[in-house]
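Note that ligands are numbered from 1 as they come in the structure, with each ligand's atoms numbered from 1 the same way. The structure presented is a predicted model; accordingly, all values stated were derived computationally and were not measured.
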Amino acid sequence: MRITTPTTAPARAAADVLAVAVSKPPELSGELADLDSALGGRVEQIVRSGEFRGTRGQIVTLDGGSGAVRARRVVLVGLGSRPGADDVRAAAGAAAKAALAARALTVAFATGDIPLDPPTATRCIVEGALVGSYRFDRYRTTGADERPKPLRSVAVLGGDRAAARRASVVTAALNRARDLQNTPSNHLGPEQLAERAREIAAAHPTLKVEVRDERWMRGKGMGALLAVAQANGAPARLIGLRHTPSRPKRRDVVLGLVGKGVTFDSGGLSIKPARSLVGMKYDMSGAAAVLEATAAIAELGLPVRVVTIAGATENLIDSRGFKVDDIITAANGKTIEITNTDAEGRLVLADCMHYARMLGATHLVDVATLTGAVVVALGDTHAGLMGRDQEWLDRVRDAGERSGEHVWQLPLLETHRRFLRSEYADMVNSSSAGMAGPSYAARFLQEFAGEGPWAHLDIAGTADLARTRGDEFPKGGTGFGVRLLVELAESLC
Ligand code: BES
Ligand code: MN
Ligand code: ZN
C-alpha cells in the first residue's frame with residue numbers, strides 16, 4: 001500500500017474517501033469549519049441534531065463528490081473527549097473500515113484538528129489505518145467478490161513524511177506477524193517459521209539467518225527445548241537472525257530478542273481441556289513478534305546490533321513425549337523436574353535465552369504467550385512485564401507507552417524462588433502453590449537469563465483477541481510486541 005503525506009487541503013484531496021477525526025464535543029473551527037462550508041453546512045446540521053457527537057469510533061458518512069469536496073464520501077469519525085494517541089489509532093481504524101465498506105480504494109485523512117504533535121498524529125493514523133484495514137482471507141474460497149478490495153493508498157494530509165514512512169514499515173511488519181499468528185499449525189509449523197526467517201534475511205543485507213535442527217540442539221545440550229519437542233510430528237527448529245549494522249551507535253550493546261514459537265500447544269500429557277485448546281495456534285506469537293520486529297529494524301537500518309532467537313516446536317501428545325516426573329537438563333546445565341508438561345513455554349525459552357547470551361546479547365527481552373494467569377490479572381490491554389534491572393524494565397515500559405503496546409510490571413521477587421523447589425532436581429517447571437503464576441514463570445526463566453539486564457514480556461492476554469476491544473484491532477492476532485521492540489531498538493540508537 002502507498003502511504004503519502006501531501007499538503008492538500010481536505011476538501012481538495014483526490015481520494016475516494018476523506019476521513020476527518022473529530023473530538024467530543026465537536027467544535028466547528030479550523031479544518032472542520034472549512035469542510036463544513038464546503039459541504040454547505042451539513043456538518044453543522046448533523047452536530048446540531050445530535051446525530052454526530054464525536055464519541056470514540058462513531059462514524060457518520062456524508063456524500064462528497066460535489067464541486068466543493070472532491071472525495072466521493074466524507075467519513076466523520078469520533079475521537080472521544082480529550083483524545084490521546086490510542087484514540088487516534090482507534091479512530092483511524094474505524095475510518096479505514098468505513099472506507100472499505102464504501103468500497104474505497106484510496107483514503108485521505110485530515111490531520112489539522114488532531115490534538116497531537118504532527119509526527120505522532122501521522123504515525124497513529126498510519127498505524128490505525130493499516131491495522132484496521134487488515135484482513136486474513138487466505139483460507140476463504142468463497143465470497144471474494146462480495147468482500148472489499150484492499151486499500152491501495154492512504155494519504156495523511158499535511159502529515160510528517162518521516163513518521164509516515166517509519167509507521168508504514170513497522171505496521172507492515174506488525175501485519176506480517178499477524179499473518180503468521182493467524183495461520184493455523186497445519187499450515188505453519190516450526191519449519192515454516194524458519195522459512196519466514198530465511199525470507200526476512202534474504203531481503204535485508206544486514207541480516208544473517210541461522211536455522212538449527214534437533215541434532216544440532218542435542219549437541220548443544222538443549223534438553224529443555226528438546227523435551228517439549230519429543231512428541232513432535234513436525235521436528236523442532238531453533239531460528240536465529242542477526243542484524244549487524246555497519247556503524248552501531250553503541251559498541252557496548254547487543255540487543256537480544258527471544259521468542260516463544262510453540263506452533264500448537266496441546267498441553268502435552270498434561271493435556272488441556274477441549275475449550276482451552278482453541279486458539280493454541282497463537283502460542284507462537286512471541287516468535288512472530290521477534291522475527292518481524294527484526295525485519296523492521298533491518299528495513300529501517302537502525303544502528304543497533306540485534307540477535308534474535310525463536311524456539312519453534314509443537315507441544316503434542318505421543319508415546320515418545322516427555323512426561324510428568326521426568327528430569328531433564330537444560331543447555332546451561334541446570335536440571336528440571338517436570339511437574340506439568342503444559343508449562344512448556346518456559347522450557348523452550350530457557351534454552352533460547354541461554355543461547356542468545358552465548359551469542360553475545362548484553363540486553364535481553366523475551367516475548368512469550370506464557371501463562372493463562374497473566375490473562376486473568378491484566379486482561380487484553382496490557383502485557384505482563386517482569387525481569388531484572390529496573391532501568392531496563394523502565395526503558396521497555398516506556399517503549400511500550402510510546403508505541404501503543406502497553407505493558408504493566410508485575411513483581412519478580414527472590415521469595416518467588418521457593419516455588420521452584422524440587423525434591424530431586426534443581427527446580428520444578430510448575431509450582432503446586434497456585435499463586436502468582438506469571439511471577440513464578442518469570443522466576444523460573446531468571447535461572448536461564450544469564451548476566452545483564454533482562455525483561456520478560458508475558459503476552460498471553462494481548463497477543464490475540466477472542467473478542468474486539470473497541471479499538472482498531474478485530475479478533476485474532478495483534479502482532480503485539482513488534483512495535484514495542486522496534487521502539488526499544490530505536491531507544492538504543
Ligand atoms: N500457552 C500457554 C499459556 C496460555 C494460556 C496462552 C492461555 C494463551 C492463553 C502455556 O504454555 C501454558 O499452558 N501455561 C500454563 C502454565 C501452568 C501449567 C503452570 C497455564 O497458564 O495454565
Ligand atoms: Mn502450555
Ligand atoms: Zn504454551
Is D342 in polar range of ligand 1, meaning some N or O pair under 3.5 Å apart?
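Such a contact does occur with ligand 1.
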
Ligand 1 N/O within reach of E344 N/O, cut-off under 3.5 Å:
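Yes, E344 has an N/O under 3.5 Å of an N/O on ligand 1.
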
Which of the N/O/S atoms in E344 sits closest to the Mn ion (ligand 2)?
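E344's closest N, O or S atom to the Mn ion (ligand 2) is named OE1.
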
Of all N, O or S atoms in D265, which has the smallest distance to the Mn ion (ligand 2)?
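Considering only N, O and S atoms, D265 comes nearest to the Mn ion (ligand 2) through OD2.
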
So among R196, R212, R198, which one has a salt bridge (charged side-chain N to carboxylate O under 4.0 Å, His left out) with E191?
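That would be R198; it is the only one of R196, R212, R198 passing the salt bridge (charged side-chain N to carboxylate O under 4.0 Å, His left out) with E191.
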
What closest approach, in Å, do A289 and L485 show between heavy atoms, and which atom pair accounts for it?
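The answer is O-CD1, 4.2 Å.
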
Contact summary for R469 and D380, nearest pair of heavy atoms
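Closest heavy-atom pair between R469 and D380: NH1-O, 2.7 Å.
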
N/O/S atom of D283 inside 2.8 Å of the Mn ion (ligand 2), strictly under:
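False for D283.
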
Is any protein N, O or S atom closer than 2.8 Å to the Zn ion (ligand 3), and if so, which?
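For the Zn ion (ligand 3), the protein N, O and S atoms that sit under 2.8 Å away are K260 NZ, D265 OD2, D283 OD2, E344 OE2.
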
Between Y134 and R178, is there a cation-pi geometry (under 6.0 Å to ring centre, at most 45° from the normal)?
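Positive - R178 is close enough to the ring of Y134 and near enough to its axis.
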
Using a distance-only test with no angle check, is there a side-chain donor-acceptor pair under 3.5 angstrom linking T313 and N232?
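On atom types as modelled, these side chains qualify, holding a pair under 3.5 Å.
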
Per-residue contact class, V262 against ligand 1 - non-hydrogen pairs under 4.0 Å
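It is neither; nothing of V262 touches ligand 1.
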
So which bit of D283 gets within less than 4.0 Å of ligand 1, heavy atoms only: side chain, backbone, both or neither?
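Side chain only.
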
Would you please classify the geometry between the Y355 ring and the W216 ring as parallel, tilted or perpendicular, with 30° and 60° separating the classes?
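Perpendicular: the ring planes of W216 and Y355 meet at over 60°.
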
Between H456 and W454, what is the ring plane arrangement, given parallel below 30°, perpendicular above 60°, and tilted in between?
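Ring orientation, 0 to 90° scale: parallel.
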
Atom 1 (N) of ligand 1 protein-contacted (non-hydrogen atom, under 4.0 angstrom)
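It does; a protein heavy atom is within 4.0 Å.
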
Can you list the ligand 1 atoms lying under 4.0 Å from a non-hydrogen atom of [X]?
X: N340; value: 18 (C)
X: D265; value: 1 (N), 2 (C), 10 (C), 11 (O), 13 (O)
X: R346; value: 16 (C), 19 (C)
X: K260; value: 1 (N), 10 (C), 11 (O)

Tell me, please: is M284 in heavy-atom contact with ligand 1, that is, under 4.0 Å?
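Heavy atoms of M284 never come under 4.0 Å of ligand 1.
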
Using heavy-atom distances, let me know which of S276, G268, G372, S430 sits nearest atom 5 (C) of ligand 1.
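Ranked by closest heavy atom to atom 5 (C) of ligand 1, first place is G372.
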
